[in-house]
Amino acid sequence: MSGEVLLTVDDIHAAYQPGVDILQGMSLTVPPGGFVLVIGPNGAGKSTLLKSVFGLLMVHRGAITLGGQSIGGLPPHEIKRLGVSYVPQELNTFPHLTIEENLNVGGWTIRHDKARLKNRFERIYDTFPALAGKRRDKAGSLSGGQGRMLSVAREMITEPRLMLVDEPTVGLAPNLADQVYELLQTVRKSTATAILLVDQNVADALRHTEDVVMMNLGKVKAAGPVSEFGEARVHALVQECLLG
Amino acid sequence: MFSTELVIQTAISGVMIGVLYALMALGITFIYSIMRMVNWAMGEFYMVGSYLQYMLVAWALGPELWWLAILISTAGVFVLGLVVQWGLIKPIFKKPPELRDDYATVVTLALLLFLRSIATGLAGPNQFTPGSNLPIVMVGPMPLAGARVAAFLFALAALAIFWAVLRYTWYGLALRAASQSRVGVQTAGIDVLSVDRVAFGIGVALAGLAGALLAPVFLVFPTNGMITTVKGFEIVVIGGLGSIPGALIAGVLLGLMESFGAAFVDSAYQNIYGFILVIVILVLRPTGLFGERGREA
Amino acid sequence: MIALSSPTFRRSAIAILVAAVLLLFVPLVGSNYVVHVVTISFYYVILAASWNLLAGYTGQFSLAHHAFAAVGAYTSGLLGYHWGVSAWIGIPAGAVLAGAMGYGLGRLVLRMRTIYLAIATWAFAETVHVYLTADYAFTRGELGLSVKSLYGTLNPTPYYFTFLGLTVVVLLGLRALIDSPIGYFMRAIKDDELRAKSLGIDTTRVKVIVFSISSAIAGLAGGVYGHYIVTLTPQMLDFSEMAKIVVMVVIGGFGSFIGPIVGAAPVNIVLTYLASYGEWNLAFFAAIVIVLMRFSMEGIAGLIAPLWNRLWARNA
Amino acid sequence: DIGIGLDIPLSAPGDAAGGQLIRRGAEIGIDTVNAAGGVLGKKLKLFVTDSQSTPQMGVANYRRLVSEDKVVAVTGMFHSSVAIGINEVAKEMGVPTLAVQASASDITAKHYDIAFRTHAVDPVRVAAWMEFIKKKGFKKVSILAETTDYGIGLTDETIAQNKSGNFGIEIQKITFDNKATDFSAQLLQVKAFKPDLVLNIAVGTPVDLIMDQATTVGLLPATPMLISYDAPTRPQYWQLHAKNGDGIYFIAYYSPKAPLSDIGKTFAATYKEKYKEDPVYGALNGYGAIMIIADGLKAAGSADPKALIKALETGTFKSWPDAPVTFPRADGVYWHNWVPPVLIMQYTKPMQDWKEADVVVAYSKK
Amino acid sequence: MAAALEAIGLNKRFNGLQAANDVSLAVEQGEIRGLIGPNGAGKTTLVNLVTGVYEADSGEVKLAGQSLTGCAMHEIARRGLVRSFQVTRLFGSLTVAENLRTAFLARRPEDGSDGEAQIERMLDLTKLRPLADTQAKKLSGGQRALLQMGCGFMVPGSCYVLDEPFSGINPVIKDAIIDMILDVNKRHGATFLIVSHEMTIVRRLCPKVTVMMEGKVAAHGTLDEVARLPEVIAGYLGKALE
Ligand SMILES: Nc1ncnc2c1ncn2[C@@H]1O[C@H](COP(=O)(O)OP(=O)(O)OP(=O)(O)O)[C@@H](O)[C@H]1O
Ligand SMILES: Nc1ncnc2c1ncn2[C@@H]1O[C@H](COP(=O)(O)OP(=O)(O)OP(=O)(O)O)[C@@H](O)[C@H]1O
Ligand SMILES: [Mg+2]
Ligand SMILES: [Mg+2]
């Protein structure tokens, strides 16, 4: 990699409650427009990593920089304005708002640019026809998979510089899962969005990524380009983690 | 005894009072839906609103400018709300969510005692009235105090504006979204703490508005917010949390129930009619008439 | 039984009994007034602990608990006043009636949640309140129902021991209940009722049982209290009584066993002592509450939990 | 020092306004006695507690005043239920109580040794307004009463005296919850009844709300209204009723038109100086209670409660009215009960000073 | 012999949307049946109808030949029907061990056991032992799913209805769970109805699958049979299975 980086996470320590560090010296970098996949056993701290980068969790040691600017300690809404989107692992919809209103909230930071917003809406509806058909329905009535779609779609509206995506295909039908990966690729290519993806659907995710970071116990266990991570090696690494 | 005139008069009186109660209910439901906490001190913000109104009218503006006093009182309560939110409520939202409810309950209960006590300590336990120069108005066969009619119209206007803002503005959308998922609005780039602040401010300002409007009608004294708050809570649950039309309809329903009960059954039990309505409606519809229900699994 | 052999039960039982033994000496050293205040504190400990069972453990945030205490007190009081029934029959009768009404109310609010349940139960309490006030001829209304004292004297000492014993029994009983399967089901229901049902828990039954038990305990405490305070007024149903219970439990630690115990007594004592400061007393009280909550959101229990755990860690 | 307890409502749900007036009077009483050298060679000290109108608090306060502050008497009591509750404990603890403004019969009707009172009981007040009704020739009377011991007690007594005294008045009785704020429905019914007089038997805010709303529905000023206690003499009356306060009848116990005793006069002057307004009944009676206790102590010659009780029962005392005060072991409700004169007064001009109000009836118990 | 779990003509409407449209299906005793279909096809709705979360507009559900109509959720569970939720549901303020214990107590078997042995076994299997005393709300997404599964297997049931039980779980532990399902199936003869979007797992576990589309049962057969159907490829798989 030629030195140019978008996101740097440098030796961060983060905790939900004081004294119990979940991230214990985690580091990684994401190049502009890059695609980095984070894998690891359950509870390794992958989601915690994304939350820390997005400012939802207090990082008490280490540094996080985005395009050279330190973002450690900024509140989420400011990080969002700097062009970072976050798709959490849990469903992230507003159950009593309609699909359209949900997407509108997603477009909050660009709400004053009506033309852009409209254009983005059209693209989203093209990609997810299931949502288009239900745009006046409450999000709370969606099926599990439809809700997932909405969570991902909402964060794509702003076409951010960096998307933090936590297990986006959980519960999606195979055709849609494929589409989501392709969509991430499309977003990435068309707007040069870098992607930091956390996924347990390792086999599929590996097909789309460029770099891989394997985490365990809040630290990097192995990292490198995707070519070094065959399915057999991943399996062996996880096995190793689980055995302690 | 059951003359049509009395029936019409009773109905008018019920509707009038119901709409005013609805204003209070709106403040409660608004804060609850955004912050998921019950503000038990709502009635004390009503009380503060009424004191401000009294002071402005009696000492500064005079009875002609009552409407200006109302606007200023409401703004004053809004500011007080911001301060309270900043000092007492905000710290909760930086802590794990499961403790919020309990903390908020106790802190607002304490705030209730505190504000009441302060009012008694500073202004004494006596009643005051800002007075009103508005003439008595005949609505059909029913003579109504001008201040009450003005309060009714103000309340309707406030309800309408409030509804329109929530429905048609971006900020309203953010408020509604924040009421459903706090992480959700954060990922969208909305400053959730500022939403809280505004929501709390607006919520208590609605109570303050009710207090200012009703100051000449129900007088000004340290515990004057109590009854209106009681009605407000009843309406919130009858109408369903988070529903503005629900609050209006439930308010009118409650007003009618009480005034007919008092007029034609027994006025000693006036306050029970509302409670019975609450229990009956909730047994039939556990989330109120217009309460929102999502899928469960 | 899981309950009686569990370490949590054993530890709590030891602590309760040790505290009770120490408290036996209060009447020897305290004035009439001090003994009285501690006696009343026991009453509130019982109310707070039984409400905590309902709200803190089962998630039924009822605002009618003070009403059940009043039902207990008035039942026995009215039986005695109108028909000369002895307190020794009246008090159990009050507890049973409170339990039965708790059962009914529990059924009524079965499907309600959060604030809906809170307001519905509170509406129930207010209904009882207005009734007791308005049916003046039967209940003596605000003038107050005069009740015979339990021991023919109002010297607080015998009442002190009665309430101390009652408190110990109630707390041990609650602890056993919490450590039993029903205790697990209660907490499960509070967290996620649908999930509890899907596991095969009869949530209706559990909720109604808890409602009845906690109401009966409140009724029992109210009954004894009535025969000590001897003048019953509808003020017992004033919302401030309920607010007091809520504040006691939350300050102590909502949903923790120790919470109501460490919350109720201090709150009652502080409130009683502040009463001589007139109109400012509640402002002081409120300020104390707010500062305390800012300091520890888990209440007093949150502050002492580490000590408690260390105590047993060392002895284990 | 010799301690005297003052148990009054100072915060909700009690009538804090009522409590406050009593307190002002009592404090001046203590100062007066101490300025004159105290009693038995000692100074008096006032211990004030807040009953919040609940017997529970009142009783706790009493226990504290007696067992910790060692007071020789407890006075103040404003709410009847508090006074009744306290008397039960006082009966055992032995320190006498002197109720200042609690009117329920039970307080003295139980004939407890320790129970004293200086307030007009229900039958006396009702007798006063029955005389008034007769004098005015009213035939139809609407009673608007709150559903408390106070409201119902007076209502029932009125109905009873109407019958027993063969007044032949047609009475409409409407009761309301004392927490109500909207009386439109009740007042419409009253209006439909077309009464000659409306009896406003409420305490605190409802008194004023009823007046205002009665004006709106057109009952006032055409139909006379009688307020059942001396609320209109409180300082804020004209602030609240600048427009509809004229013509109102009310019960009072004191008017400068009736003579004050010498100590009453000193008090009135001190009060006026201190609070920039004239004293009203609550303050006068609070003051009187302290003076009576002080004199009782002097007569007893000791600070022993038993001796004090004996002295109160047998002595004749001075209070604010120009009439002797005694607490004989009389029959029924008059046991240990001194009844101040009852006046029915009327404002005859807007913003009239209550001292100038007309005394329509001056009733003294025979 | 009656089918272990049988749905007969189930219908369910949500304001204007027919989420279940005359759905019938029968799972034989000891069978492991897959249930697949596009998002929003009505799979979860069917699960909810079967387990009593929703009441059907019409139709009937039978468990081992006995009708469940009018049965409360907990009664259905006590008859041995165990379910999991697609969006994991746990008792957040209870610890991991307490969650397992509650699941055990809810359907405590008659043999008087206290469940501690089962809890130990389940902690090992799910690799949650280090978190045994951690409150469930503090678990990661995958840990939650694991714990929910673990609770389901605390007391053997006769019929398991699992709604996407593998989502978010690490592939290595997935294997362990698959083994457990097969084990329970073999040893207790338990019946399974498993909703999943992961075809590799469906292939390993389920000899037969049912495909739902737009609220209706669209196809039925082995995975390879249904995966060849053009409407399944177009509406669900996106491409033919390799
Ligand atoms: N809110 C919380 N409070 C305390 N601890 C938490 C909280 N959320 C997660 N943890 C702990 O932090 C650790 C890492 O959790 P995290 O969610 O980051 O895992 P993950 O790698 O995303 O796992 P998964 O693949 O299961 O989603 C876990 O051991 C978990 O128990
Ligand atoms: N409670 C409800 N209210 C309104 N609509 C509902 C409700 N439950 C389900 N639906 C609708 O019914 C349809 C079927 O939903 P269901 O959850 O059964 O789908 P599913 O097959 O489980 O999908 P997925 O694979 O995405 O979980 C969806 O369109 C959904 O929006
Ligand atoms: Mg995760
Ligand atoms: Mg589903």
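Residue numbers begin at 1 in each chain, while the letters A, B, ... track the order of the sequences.
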Closest-packed option against chain B by number of heavy-atom pairs under 4.5 Å, given C:Ala120, C:Ala118, C:Ala55, C:Gly56: C:Ala120
Proximal component of B:Val283, with respect to chain C [non-hydrogen, under 4.5 Å]: both
Reported OH-to-CZ distance for the pair C:Tyr116 and B:Arg285, which is rounded to 0.5 angstrom: 9.5 Å
Nearest heavy atoms of B:Phe114 and C:Ala283, plus distance in Å: CD1-O, 3.6 Å
Exercise: identify the closest heavy-atom pair between C:Val247 and B:Leu109: CG2-CD1, 4.0 Å
B:Thr105 vs C:Phe61 side-chain heavy atoms within contact, under 4.5 Å: yes
Straight-line distance of C:Thr127 OG1 to B:Tyr269 OH, nearest 0.5 Å: 11.0 Å
Separation of B:Leu284 CG from C:Arg111 CZ (nearest 0.5 Å): 8.5 Å
Heavy-atom closest pair, residues C:Ala286 and B:Ala110: CB-O, 3.1 Å
Pairwise distance CZ(C:Phe284) to OG(B:Ser117) - rounded to 0.5 angstrom: 9.0 Å
Atom pair OG1/CD1 of C:Thr133 and B:Ile272 - distance to nearest 0.5 Å: 8.5 Å
Options C:Ala123, C:Ala287, C:Ser240, ranked by heavy-atom pairs under 4.5 Å with chain B, top entry: C:Ala123
Step-by-step side chain to side chain contact (heavy atoms under 4.5 Å, CB included) determination, B:Val236 to C:Ile119: CA-CA 9 Å; B:Val236 167; C:Ile119 303 298; over 6 Å; no
Options B:Val237, B:Ile279, B:Val278, ranked by heavy-atom pairs under 4.5 Å with chain C, top entry: B:Val237
Selection from B:Val230, B:Val107, B:Val38 maximising heavy-atom pairs under 4.5 Å formed with chain C: B:Val230
